[in-house]
Amino acid sequence: MKKIKVALKDRSYDISIESGLLNKIPKILKVFNRGQKWVLITQEKLMSLYGEGLVQNLALINFDISTIILPDGESIKSIKEFERTCLKMLSIGCDRYSSIITLGGGAVGDLSGFVASTYMRGIEYFQIPTTFLAMIDSSIGGKTAVNANEGKNIIGTIYQPKSVFIDPNFLKSLDKKEVNSGFGEMIKYGAIWDKDLFEKISTWLDNPSSFPFEKAIIDAVKIKSDIVSKDEKEKGLRTILNFGHTIGHAIESYYGYERIKHGEAVALGMKCAGFISNRKRLLSLNAKNKLFNTLEKLNLPNTSDINKKEIVKKIKSDKKSKKGKVKFVLLSDIGKTKIVSSVPQNFIEDSLEILK
Ligand code: GLY
């Protein structure tokens, strides 16, 4: 089993990665069982595929465990679902010593983490991500949130889990769109941090059916853990993880979270950011083309009907903006970032033109 540490002093934790890890989780969690009430938060399909077995195995070794089943989709990241989950926890007897286990993709993890960070002023939680994207990104680093009508992740906290368990076997039951979404974030890690990894990912994507998921997950998790360990609260370095996200979030909210997956929107956002990087003379044409060629290996959704003015409006209300000024993470080479706070509106509009 590969263990990677997020080093945050007394809030440090391990990310364990291994195919088949699900079956070992009860044994690993045993040391955290003090006789408290446990709750598994998940969704119906995941409950029948994996949750039922997990709960049975935990109950066999004396865990007092209940389950909360959330509805499907990104729409669970809402204040309404947050309140419903907290009240459900109260009704099944959870107190301030209780522990949450989250089993699901990014939306389940983000909502459950937000519940954990606020329920009775904060209780411990453990993440079991089941999508590629959640494994390499959202389950690590403690970002928790719900959405508001006005924008994604507007209400949230940074609250670290006690441990993260990654079992790449979950990926066998994922649909293609979901895996493609993870590829988007995977390319991001190479683009912002590691040129060699970028080249490897690009080669692996020539034959996606032989993509070495476990190896790629380990590479990505190492990068994310390293960055979060250096800058947990996103005061500086962690900002680079937002490469492709400024325009990506706007595209995601424009098309609706059900029509486009997060990583797909980020991939489109990275194309725009690559275009802007070149237009600002930071990134060579050759490097920009490399980025584009790799992103084009993904089967990205058709965006020919995109409305540039609407996207620009959404970008301006992004939560990453400071006094109305939007920060952009750009590239100066593959593997090297540069954060800029002034990108002319016509550069943004021209970058959106390439998505048509
Ligand atoms: N997904 C970006 C971050 O965790 O900072």
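Order of appearance sets the numbers: ligands from 1, and atoms from 1 within every ligand.
- Between F126 and F32, the ring-plane angle classifies as perpendicular under the 30° and 60° cut-offs.
- Remark: ligand 1 atoms within the under-4.0 Å shell around heavy atoms of K143 are 2 (C), 3 (C), 4 (O), 5 (O).
- The nearest protein atom to atom 1 (N) of ligand 1, hydrogens excluded, is given as D137 OD1, 3.1 Å; this is a heavy-atom distance.
- Checking only distances, N242 never comes within under 3.5 Å of ligand 1, N or O to N or O.
- Taking a 6.0 Å sphere around CG of D206, one finds it holds more than 12 heavy atoms contributed by other residues, nucleotides or ligands.
- The closest side-chain heavy-atom distance from I41 to I101 is not below 4.5 Å.
- At the shortest separation from atom 5 (O) of ligand 1 among protein heavy atoms lies R238 NE, 2.7 Å.
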Show the numbers, then the answer: is there a side-chain contact (heavy atoms from CB on, under 4.5 Å) between I155 and I79?
CA-CA 9 Å; I155 306 150; I79 279 291; 3.9 Å; yes

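- Ligand 1 is never approached by H245 to a heavy-atom distance shorter than 4.0 Å.
- Looking only at heavy atoms of the protein, atom 4 (O) of ligand 1 is closest to K224 NZ, 2.5 Å.
- Looking at K188 next to ligand 1, no N or O pair under 3.5 Å apart turns up.
- In V228, neither the side chain nor the backbone holds a heavy atom less than 4.0 Å from any atom of ligand 1.
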Please lay out, stage by stage, how F211 and F183 fare under the test ring pair (Phe, Tyr, Trp, His ring centres under 6.0 Å).
CA-CA 10 Å; F211 194 88; F183 284 145; 4.7 Å; yes

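- The number of heavy atoms from other shown groups lying within 6.0 Å of NZ (K162) does not exceed 12.
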